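Treat the numbers as computed from the prediction; the structure is a model and nothing was measured.
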Amino acid sequence: MPTTDATTEAATAATAVRTGRLEAPGATLHYEVRGRGPLLVMMPGGSADAGIYDTLAAELADRWTVVAFDPRGYSRSTLHGPTGEQLPGAHSEDIARLIELLSPDGVPAAVFGSSSSAIVALDLLSRRPGLVGRVVAHEPPLVELLPDPAAGRAVFAAVRESFLRDGVEAAMAAMAAGLAPEGGAGGGRHEVATGADEESRAGTGPVEGGGATVPPEESGGASEAEAKGKAGAGAKAGTGAEAATVRRMMANLPVFLEHVLCSFSGHAPDLDALRAAGPKLVVGVGRDSRALLPAVAAERLAQRVGSATAEFPGGHVGLTEDPVAFGARLREVLLG
């Protein structure tokens, strides 16, 4: 039987971070690897980067080779030219290259995406189904699947325009106003889910701080980086590395608001291809966010393609609210 010291060393080695760089058309991608075993690619959403998965990846590294990365144009994944409109297809090809690099024997990978990155995961599954054995797409905010797609597109277009005109803070205020449960694009759960009052509704979303901020990535909006920052601010002990991670991800918000938000949320998935790959797909929905735009879109997606659904703890950003509980549920879904 291994000694305590040997067991500790093995656990430390399993969660040690190994970094790499991958050249892709138009970008150089930063990625991080933990653990040993079948490949699991963890895709950050909103303005987040690989750092959003630090806790979750460590939890899963005992069973999988867990890969997290910075999406192209974010943080340490640099573009080779000016930042332009980002499309899910280009991002899904990045993931395909990562899988081919890190699973050279051709064993299909598992893929997890949340919010905007769940849209990329769906695109990967539809384009390159042979690369993946399981895709877990947690609350993709696909406005084209809502009862009133035009209203959803209008909300996010207004957020983008507000950013271009007045900056990040104004954009977040526009997000709060557009997705507020009352007085904005939102309605009650019954209205959103059934299509009642379609002309005035695109989704719902709680607003924190009396309307001052929107929860990170709420309804496909801001960023998990904000959730991580708030969690760190409330902790008794934070580290300089954690603070740097939050600053790095918050600095991605301008790219997200101008070049990602509308093109990703407005993406029309290939439903026929997803239907054909349905047994590989699990659509995740947060226990506390079923009335919100991303969860409504997610459940409608599952209905359209006949895929399984799985409830996850917390809301739209459950992976930052309680990474350990979220990771335990993700483990069950991946092994199920």
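Considering only heavy atoms from C-beta on, Arg331 comes within 4.5 Å of Asp62 through its side chain. Asp49 is listed as a side-chain neighbour of Met249, based on a closest heavy-atom distance under 4.5 Å. Inter-residue side-chain proximity for Val132 and Leu124 is flagged as met; some heavy-atom pair is nearer than 4.5 Å. In this structure, the side chains of Leu301 and Leu274 come closer than 4.5 Å at one or more pairs of heavy atoms. Taking 4.5 Å as the limit, some side-chain heavy atom of Phe69 sits within range of a side-chain heavy atom of Pro44. Between Met175 and Leu261 the shortest side-chain heavy-atom distance falls below 4.5 Å.
Atom-to-atom distance recorded for Phe112:CZ and Ser117:OG is 7.0 Å, nearest 0.5 angstrom. Here the straight-line distance linking atom CG of Leu257 with atom CZ of Phe156 works out to 11.0 Å at 0.5 Å rounding. Atom CZ of Arg21 sits about 5.0 Å away from atom OG1 of Thr78, to the nearest 0.5 Å. Summarising the geometry, atom CD1 belonging to Ile95 is positioned 13.0 Å from atom CZ belonging to Arg127; distances are rounded to the nearest 0.5 Å. The structure places CZ of Arg72 at 9.5 Å from OG1 of Thr28, a figure rounded to the nearest 0.5 Å. The CG atom of Leu122 sits 9.5 Å away from the CG atom of Leu271 when rounded to the nearest 0.5 Å.
With sequence neighbours left out, the side chain to side chain donor-acceptor pair (under 3.5 Å) criterion links Glu332 to Arg329. Taking the ring pair (Phe, Tyr, Trp, His ring centres under 6.0 Å) definition, one finds that Phe312 meets it with His138, Phe326, sequence neighbours left out. Listed by chain and residue number, Leu125 satisfy the side-chain contact (heavy atoms from CB on, under 4.5 Å) test with Ala277 (two or more places apart in sequence, or in another chain). When the side-chain contact (heavy atoms from CB on, under 4.5 Å) test is applied to Ala251, no partner is found at least two apart in sequence or on another chain. Scored by the salt bridge (charged side-chain N to carboxylate O under 4.0 Å, His left out) test, Arg134 finds no partners at all (sequence neighbours excluded). Residues satisfying the side chain to side chain donor-acceptor pair (under 3.5 Å) test with Asn252, not counting sequence neighbours, are Ser75. A search for side-chain contact (heavy atoms from CB on, under 4.5 Å) contacts involving Ala170 returns Ser162, Asp166, not counting sequence neighbours. When the side chain to side chain donor-acceptor pair (under 3.5 Å) test is applied to Glu32, the partners found at least two apart in sequence or on another chain are His30, Arg76. For Ser92, the side chain to side chain donor-acceptor pair (under 3.5 Å) partners at least two apart in sequence or on another chain are Asp123.
Counting only residues at least two apart or in different chains, ring pair (Phe, Tyr, Trp, His ring centres under 6.0 Å) contacts with residues 264-284 comprise His91-Phe264. Evaluation of the side chain to side chain donor-acceptor pair (under 3.5 Å) test over residues 254-263, restricted to residues two or more places apart or in two chains, returns Glu85-Ser263. Applying the salt bridge (charged side-chain N to carboxylate O under 4.0 Å, His left out) definition to pairs two or more places apart or across chains, those involving residues 303-315 are Arg287-Glu311, Arg290-Glu311.
Within the 3.5 Å criterion, the main-chain N or O of Gly84 finds a donor-acceptor partner in the side chain of Gln86. Formation of a donor-acceptor pair under 3.5 Å by the Ser103 side chain with backbone atoms of Ile99 is not found in this model. Here the side chain of Glu59 pairs no donor or acceptor atom with the backbone of Pro323 at under 3.5 angstrom.
Residues Val333 and Trp64 are members of one and the same hydrophobic cluster, defined by side-chain heavy-atom contacts under 4.5 angstrom among Ile, Leu, Val, Met, Phe, Trp and Tyr. When the side chains of ILVMFWY residues are joined at heavy-atom separations under 4.5 Å, either directly or via intervening members, Val159 and Val168 end up in a single hydrophobic cluster.
Of all heavy-atom pairs between Gly130 and Pro108, the closest is O-CG, 4.0 Å. Counting all heavy atoms, side chain and backbone alike, Asp70 lies closest to Leu29 at O-CD2, 4.3 Å.
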Original post:
Please walk me through it: do Arg128 and Glu93 pass salt bridge (Lys or Arg N to Asp or Glu O under 4.0 Å)?
Top reply: CA-CA 9 Å; Arg128 306 289 296 276; Glu93 282 302 311; 3.5 Å; yes
